[in-house]
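Read the structure below first, then the notes.
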Amino acid sequence: MDDIIKAQYERLGISGEVYEFGKKTEEVLKERFAEIDRRAEYNQMKVLKAMQDNRVSTGCFQMSSGYGYDDPGRDTLEKVYASCFGGEDALVRPQITCGTHALALALLSNLRPGDELLSPVGKPYDTLEEVIGIRHSKGSLAEYGITYRQADLKSDGGFDYEAIRAAVNERTKLVTIQRSKGYATRPTLSVERIGELISFLKNIRPDLICMVDNCYGEFVEEREPLDVGADMIVGSLIKNPGGGLAPIGGYIVGKKECVENAAYRLTSPGLGKEVGASLGVIQSFYQGLFLAPVVVSGALKGAIFAADIYEKLGFDVIPGAAESRHDIIQAISFHNPEALKAFCEGIQEAAPVDSYVRPEPWAMPGYDSDVIMAAGAFVQGSSIELSADGPLRPPYAVYFQGGLTWYHAKLGILKTLQKLKERHLVNMDSLW
Ligand SMILES: *Cc1c(COP(=O)(O)O)cnc(C)c1O
């Protein structure tokens, strides 16, 4: 069997040497992979329980159109999300166009003029700068007279409790906590640390609304932020919880009041959750959620596999190969633009879709340098599918994530290694 697998990889352009290196790496990671599998098993049972408790039936998959009144599929799905993630209520809709939209919705609906928003974990994700109004934008919170304050993390990544205490004032209404590092270099927050931060905040003011940007974090651990005191979690369905099947969508799960506010803003005051046709995509939401724990486990294995390989080859990897994981993103700093490009070309060549195109660095809105992106996805921009990108500026770091199956993630990473080796950008001799 081993021989025919190796031959199959060879047909995909993976040399014997690279294949063997991958195999050796996989051996070393056996125990960590087993741990990831156990967590996936736990989360699979969690999802199943939520589906059974809420009596999901084939009738739930019927499409609604027009106003979407009385759509049992939509309403049941929201109950499933609430049960699964531990909230009182949920809003899970194809009308929420992406993660940024879900976050903007949660903020704009739960804050009022004169309120203040606080980020106690430093600068939030790039796209939120415009939502908040850190960078001027039409329709931002700033335009509505909602102010913003931020407490940076300490240089060791710890919470700056003094600065946080000083930042909370009588106008502070909502606290936004980003779980994933996103495209920053700080560590991702574990659910445990999020819990500690929330306890601290609620001790200062029990009525603070604690929102967690849960993007890339779902199903990575056994617990989710609502289990440790968050009032609201927010995320995208073309990341983890959509399981690669949801073609669009976002969610907000949490306290009834928070979710209701969001629903009345998404549709209209007076209408709230009562309208919003599901237009035939609802089955993919259910099926994607059902598969998500296993899909996330494959992405996690890919991230660890890459970290181990590139750490051995002498590159800076965040997180390190042996570190515990709290999201699915892996960063590798190449300190060399050619290596960054070669990596992205490898990921692209491994894709099931558009494998024959070559990614080129390009100017992107919001970036001050060219950016290279590799994605051969079934769903445009889906980052639970294997994808990589990085700005062409020092330290020439690539951020990569996803992989609907572990085997695909593995091929992607072996492809990157093959490319770097062929271009003499890595020296594998020292490893043997
Ligand atoms: C992806 C992401 C977002 C924004 O989601 P989009 O779907 O790209 O708009 C926000 N926060 C974090 C941490 C993310 O990873």
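Counting convention: from 1, in listed order, for ligands and their atoms alike.
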Self-check item: Polar proximity ligand 1 side, Gly182 side, N/O cut 3.5 Å exclusive
Solution: no
In this structure, atom 7 (O) of ligand 1 is nearest to the protein heavy atom Gly99 N, 2.7 Å
Run the salt-bridge test on Arg74 and Glu78 with the 4.0 Å N-O cut-off and return the result as yes or no.
-> no
If you compare Gln178, Gln401, Lys239 by their heavy atoms, the one closest to atom 8 (O) of ligand 1 turns out to be Lys239
- Could you tell me whether Asp75 and Lys79 have a side-chain N and a carboxylate O separated by less than 4.0 Å? no
**Message:** Tell me whether Asp213 has any N or O atom under 3.5 angstrom from an N or O of ligand 1.
**Reply:** yes
Non-hydrogen side-chain atoms of Asp213 and Ser180 separated by less than 4.5 Å
no
With heavy atoms and a 4.0 Å threshold, my read on which part of Leu103 contacts ligand 1 is side chain
When distances are taken from atom 4 (C) of ligand 1, the protein heavy atom at minimum range is Thr100 OG1, 3.4 Å
Only residue of Leu141, Asn261, Leu103 satisfying side chain to side chain contact (heavy atoms under 4.5 Å, CB included) with Leu108 is Leu141
Within 4.0 Å of some non-hydrogen atom of Tyr216, the atoms of ligand 1 are 15 (O)
Problem - Arg38 with Glu35: basic N within carboxylate O range, under 4.0 Å - result: no
Q. Relative to each other, are the rings of Phe305 and Trp406 parallel, tilted or perpendicular (30° and 60° limits)?
A. perpendicular
Requested in this report: Before signing off on this row, confirm whether Ser180 and ligand 1 have an N or O atom pair separated by under 3.5 Å.
Outcome: no
Strictly under 4.0 Å, does any heavy atom of His101 approach an atom of ligand 1?
no
By salt bridge (charged side-chain N to carboxylate O under 4.0 Å, His left out), Asp37 pairs with (sequence neighbours left out) Lys301
